[in-house]
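The structure appears right after this line, and notes come after that.
Just so it is clear, the values below take in all heavy atoms, side chains as well, and ignore hydrogens, waters and symmetry mates. Just so we're on the same page: letters track the sequence lines, and every chain starts at 1.
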2 protein chains.
Amino acid sequence: MALRVSEVAQQAGVSADAVRFYEKEGLLPSPPRSPAGYREYDATIPHRIRFIKGAQEMGLKLAEIGELLEIQDRGACPCGHTKTLVERRIAEIDAEIDRLSSLRTGLAGLAELECSATTESDLWACEAEFRKRR
Amino acid sequence: MALRVSEVAQQAGVSADAVRFYEKEGLLPSPPRSPAGYREYDATIPHRIRFIKGAQEMGLKLAEIGELLEIQDRGACPCGHTKTLVERRIAEIDAEIDRLSSLRTGLAGLAELECSATTESDLWACEAEFRKRR
DNA sequence: GTAAACCTTGGAGTGGACTCCAAGGTCAAG
DNA sequence: CTTGACCTTGGAGTCCACTCCAAGGTTTAC
């Protein structure tokens, strides 16, 4: 009935090492142990791990996900807190998209340059050209 | 006449530790030393460091910048190589922008949800909702 | 009975670009 | 002559989310 660490890992799509790591970091509760000391998980744990992975894909850090889970485990709804984290993350994403967009523009201009391998065109010239174009 | 490590660092806008680090990584030549063993840089080095920082801002890794500088130091024009790196980097940026954009869409939807702190709305509900919206 | 396939633990290693530290040497000013 | 600001080196620490390992114990299959 009870799931072993690698079964949980396989169901959640992560490694057994990762499951133990999440436990060590406090994202998963310490499960009961078999007489031999093996971890015995109940069937809800893979769900919890998939939540962790989902939140991670949204760009949240393990520490942040841990906070959310902690609030949740205390019986409260962490949605307000989640919203704060999500909004902060959206702001970060917007900043990052802006940064990457202007970077892309700069690089695309650089790539277009006629910078054939003749004597005077060199790396510094490329870079000087790039600077001009900003 | 010769510049000391912290003067170079200050002119280039980096730390003295970073200058020594670049030397160790092969991005800067080992400069001549004073009788006491102090590094003595010529005036072109801050320019080289600013180039490194510029290339870094474009998202190139130190190892890649090192390759470029090595070609350059051998007297060849690294522009062809640069172009390859730049084009690869543009592709990475495009992929990253796409990823962030769809992430943003998902998160924005999540943030809009009426997920007030009543009994049944919890983290898992938020997440289930998020999954539906993809 | 033995081999394969699990499980346990603690601890080290990864990448990237540094930063910080200790323990000592050097140099100019007052 | 001492204070303080520089310089040298090697090596450790940072962040993040793991992964990999060794050295052992357990369980399962044949």
With respect to the side chain of R4(B), which nucleotide from dC7(D), dC18(D), dC7(C) is positioned closest?
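Per side-chain heavy atoms of R4(B), the pick is dC7(D).
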Nearest to side-chain heavy atoms of R33(A), which nucleotide of dC20(D), dT8(D), dT9(C):
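In terms of side-chain proximity for R33(A), the closest of dC20(D), dT8(D), dT9(C) is dT9(C).
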Side chains of E7(B) and P46(B): does their closest heavy-atom pair fall under 4.5 Å?
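No. Closest side-chain heavy atoms not under 4.5 Å.
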Are the side chains of L103(A) and I90(B) in contact, using a 4.5 Å heavy-atom criterion?
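No, side chains not in contact.
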Heavy-atom nearest nucleotide on DNA chain D for D17(B) versus D17(A): which residue maps closer to 5'?
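Result: D17(B).
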Of L60(A) and G37(B), whose nearest nucleotide on DNA chain D comes first from the 5' end?
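It is G37(B) whose nearest nucleotide is closer to the 5' end.
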Remember a base hit wins even if backbone is also touched, and classify [X] as base, sugar-phosphate or nothing at under 4.0 Å, heavy atoms.
{"X": "R39(A)", "value": "sugar-phosphate"}
{"X": "E25(A)", "value": "nothing"}
{"X": "K24(B)", "value": "nothing"}
{"X": "S34(A)", "value": "nothing"}

Could you give the [atom1]-to-[atom2] distance, from [X] to [N], as a whole number of Å?
{"X": "E64(A)", "N": "dC15(D)", "atom1": "CD", "atom2": "P", "result": "15 Å"}
{"X": "E23(A)", "N": "dC18(D)", "atom1": "CD", "atom2": "P", "result": "15 Å"}
{"X": "L27(A)", "N": "dA17(D)", "atom1": "CG", "atom2": "P", "result": "9 Å"}
{"X": "E57(A)", "N": "dC18(D)", "atom1": "CD", "atom2": "C1'", "result": "16 Å"}
{"X": "K53(B)", "N": "dG16(C)", "atom1": "NZ", "atom2": "C1'", "result": "12 Å"}
{"X": "L28(B)", "N": "dA17(C)", "atom1": "CG", "atom2": "P", "result": "14 Å"}
{"X": "F21(B)", "N": "dG15(C)", "atom1": "CZ", "atom2": "C1'", "result": "11 Å"}
{"X": "E40(B)", "N": "dT8(D)", "atom1": "CD", "atom2": "C1'", "result": "14 Å"}

For a quick test of reading the model, state the closest non-hydrogen atom pair linking L107(B) to V86(A) and the distance between them.
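That would be O-CG1, 3.6 Å.
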OP1 or OP2 of [N] under 4.0 Å from side-chain N/O of [X]:
{"X": "K61(B)", "N": "dA17(C)", "answer": "no"}
{"X": "Y38(B)", "N": "dC27(C)", "answer": "no"}
{"X": "S6(A)", "N": "dC7(C)", "answer": "yes"}
{"X": "Q56(A)", "N": "dC16(D)", "answer": "no"}

So how far is it from R104(A) CZ to I97(A) CD1, rounded to the nearest 0.5 Å?
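Answer rounded to 0.5 Å: 14.0 Å.
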Measuring from atom CZ of R89(A) to atom CD of E96(A), what distance do you get when rounded to the nearest 0.5 angstrom?
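Output value for this atom pair is 8.5 Å.
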Along DNA chain C (nearest heavy atom to each residue), the more 5'-positioned of A36(B) and R20(A):
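So the residue in question is R20(A).
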Please determine whether a side-chain nitrogen of the Lys or Arg among R74(A) and E70(A) lies less than 4.0 Å from a carboxylate oxygen of the Asp or Glu.
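Salt bridge present between R74(A) and E70(A).
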